[in-house]
Amino acid sequence: MGKRLSRKFYTRPTLTVAKDLLGKYLVRKIGKKKLIGKIVETEAYIGPEDRASHSFGGKITERCKTEYLIGGHIYIYLCYGMYWMMNITTEKAGRPECVLIRALEPVITNIHESTTNFTNRHSRKFVPKFVEIRDLANGPGKLCNWLKLNKSFDKEDLTKSKRIWLEDPAPERARYGAGRGIKIKKSDIVAKKRIGIDYAGSWAKKPWRFYIKDNPFVSKK
DNA sequence: GTACAGATTGAG
DNA sequence: TCAATCTGTACT
């Protein structure tokens with residue numbers, strides 16, 4: 001496998017990390033099995049200045065205090081009472097900044113397991129028999145459901161955890177002569193305004209949502 | 001304590 | 001278009 005991303009990767013400026021996360025592999029280990037998703041869409045939240053951030057104004061609540069940890073930790077919270085949102089903290093300790101992971105492109109290692117872990121996000125009334133791979137993780141709530149992430153992952157250290165971490169797939173590819181860096185070309189990164197935060201005034205217009213151009217696994221508007 | 005909005009999602 | 005349903009916040 002590739003190389004696990006270290007603390008250094010996460011403690012850089014949030015906008016840099018948000019862009020550099022594109023193309024990285026998010027690895028989730030469940031028992032002996034691994035689910036892997038390539039990050040294709042992110043959003044940066046830069047509190048306490050950012051009106052859309054939970055830590056806006058320097059707020060420290062039971063929920064958002066995780067944002068103040070040093071870069072490389074998971075900040076996960078429940079949205080609308082039913083969906084978990086996975087964020088990755090950035091910068092040094094005390095700076096409440098993070099990156100929301102909005103969409104993954106499933107990297108298929110075992111088709112059976114990868115396609116039978118989605119049903120519990122649907123209502124009891126309606127459980128689909130089939131789901132397209134494209135619909136497994138193309139949204140912040142959906143990807144947490146796919147990877148079975150919940151409150152127990154809050155404050156998880158991505159540089160040390162045995163059940164979830166990030167990898168740069170580059171070393172794996174380098175073996176096959178595909179070059180050294182997995183860094184999405186600047187011209188392939190699209191920057192648009194963030195979704196669902198229209199209440200944030202002028203901050204809502206900041207182009208802090210990043211995704212890989214033309215990637216079909218980006219969340220639908 | 002009560003009211004209400006929210007970094008979403010899928011059904012109708 | 002609307003409901004599901006938990007947490008934070010601004011009130012009474």
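The chains referred to below are lettered A, B, ... by the order of the sequence lines, with proteins before strands, and numbering in each begins at 1.
Of the C1' atoms belonging to C:dT7 and B:dG10, the separation is 22 Å, rounded to the nearest Å.
Within residues 150-159 of chain A, no residue approaches DNA chain B, by heavy-atom distance under 4.0 Å.
Contacts of A:E67 classified as side-chain hydrogen bond (donor to acceptor under 3.5 Å, both in side chains), with partners at least two apart in sequence or in another chain: A:S55. A:A93 pairs by the side chain to side chain contact (heavy atoms under 4.5 Å, CB included) definition with A:I70, not counting sequence neighbours. With sequence neighbours excluded, the residues that form a ring-ring contact (aromatic ring centres under 6.0 Å, His included) with A:Y77 are A:H54, A:Y75. Residues forming a side chain to side chain contact (heavy atoms under 4.5 Å, CB included) with A:L143 (at least two apart in sequence, or on another chain): A:I101, A:L104, A:A137. With sequence neighbours excluded, no residue forms a side-chain hydrogen bond (donor to acceptor under 3.5 Å, both in side chains) with A:W203. For the side chain to side chain contact (heavy atoms under 4.5 Å, CB included) test, residues two or more places apart in sequence or in another chain that qualify with A:K185 are A:S187, A:D188. Partners of A:R12 according to the salt bridge (Lys or Arg N to Asp or Glu O under 4.0 Å) rule, which considers only residues two or more places apart in sequence or in another chain, are A:D20. Residues satisfying the side-chain hydrogen bond (donor to acceptor under 3.5 Å, both in side chains) test with A:R194, not counting sequence neighbours, are A:D50. Legend: residues meeting side-chain hydrogen bond (donor to acceptor under 3.5 Å, both in side chains) with A:E132, ordered by chain and number and at least two apart, are absent.
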*Using a 3.5 Å limit on both pairing distances, list the dot-bracket string of DNA chain C from the 5' end; Watson-Crick and G-U wobble pairs count, crossing pairs take [ ], interstrand pairs take |.*
||||.||||||.
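Put simply, CZ on A:R194 is 11 Å from P on B:dT8, counting in whole angstrom units. For the pair A:K206 NZ and B:dA7 C1', the interatomic distance rounds to 17 Å; values are reported in whole Å. Atom OH of A:Y80 and atom P of B:dT8 are 5 Å apart (whole Å). When rounded to the nearest whole Å, the span between CD1 of A:I76 and P of B:dA7 equals 16 Å. Here the C1' atom of nucleotide B:dT8 and the CE atom of A:M86 are 17 Å apart, to the nearest Å. Residue A:L136 contributes atom CG, which lies 15 Å from atom C1' of B:dG10 at whole-angstrom precision. Rounded to a whole Å, the CG atom of A:D135 is 8 Å from the P atom of B:dG10. When rounded to the nearest whole Å, the span between NZ of A:K193 and P of B:dA7 equals 14 Å.
For B:dG10, the OP1/OP2 oxygens have a side-chain nitrogen or oxygen of A:K142 closer than 4.0 Å.
For A:Y77 against B:dA7, a side-chain-to-base donor-acceptor contact under 3.5 Å is present.
Using a 4.5 Å heavy-atom cutoff, the side chains of A:K34 and A:Y25 are not in contact.
At a threshold of 4.0 angstrom between heavy atoms, the contacts of A:E67 include nucleobase atoms, whether or not backbone atoms are also involved. Residue contacts for A:M82: at a heavy-atom cut-off of 4.0 Å it reaches a base atom on one of the strands shown.
The pair A:D135-A:K220 meets the salt-bridge criterion, since a charged nitrogen lies less than 4.0 angstrom from a carboxylate oxygen.
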*For nucleotides 7-12 of chain C, just jot down a letter per nucleotide in 5' to 3' order: B, S or -, based on protein non-hydrogen atoms under 4.0 Å.*
-SS---
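Expressed to the nearest 0.5 Å, how far NE2 of A:H73 lies from CG of A:D154 amounts to 10.0 Å.
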